[in-house]
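Taking it in order: structure first as structure tokens, then the write-up.
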Amino acid sequence: MADAPQTSGAHATHDELRIASLLDPDLSEDEREVAESFVATCPDCARLHRDLLAISSASAGLSHPARTRDYRLTAADAARLAAEVAREPRPSTARLTGDMQLPMTDHATHDPVLIAGLL
């Protein structure tokens, strides 16, 4: 696997997410001006923008997998959810109170890659 190119100079302080945000049609005018100024004055930012446009164009024609289910809410779903919010989920006597019963653990020792792998 090739290493990412090292950036130096002014480009190292540029936020690449700003360049990527130029593909967002809802980007505010102020944010668009900042990102466009990076593209206009920085060859590395201009190269990144060209690459993102090429990827966007190439992937636009690709088919996408069908949804396994429709996640849009229907009027019936909205009514059911509104009724559920109005009632108490559990009686107050069934709620946990006080401190957690499990021993405290040091989360800094957990392996985030291993945890992410479970997803």
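FYI, the numbering just counts along the sequence from 1.
Nearest heavy atom pair, residue Asp15 against residue Phe38, reads N-CE1, 4.2 Å. Taking both residues in full, the closest heavy atoms of His14 and Cys45 are given as ND1-SG, 3.1 Å, listed atom of the first, atom of the second, then distance. The minimum heavy-atom distance between Ala35 and Ile19, with the atom names listed, is O-CD1, 3.8 Å.
Side-chain contact check for Ser21 and Asp24: no donor-acceptor pair (N or O, by modelled atom type) lies under 3.5 Å.
With values rounded to the nearest 0.5 angstrom, His49 atom NE2 is found 13.5 Å from Glu16 atom CD. Rounding to the nearest 0.5 Å gives a distance of 13.0 Å between CD of Glu31 and CG of Asp26. Interatomic distance, CD of Glu36 versus CD of Glu29, reported as 7.0 Å (0.5 Å rounding). With rounding to the nearest 0.5 angstrom, the CG atom of Leu23 is 5.5 Å from the CG atom of Leu52.
With hydrogens and angles disregarded, no donor-acceptor distance shorter than 3.5 Å links the side chain of Asp51 to the backbone of Leu48. Of the possible polar contacts, none joining the Ser57 side chain to the Ala54 backbone as a donor-acceptor pair under 3.5 Å is found.
Transitive grouping of hydrophobic side chains (ILVMFWY, heavy atoms separated by less than 4.5 Å) keeps Ile55 and Leu53 in distinct clusters.
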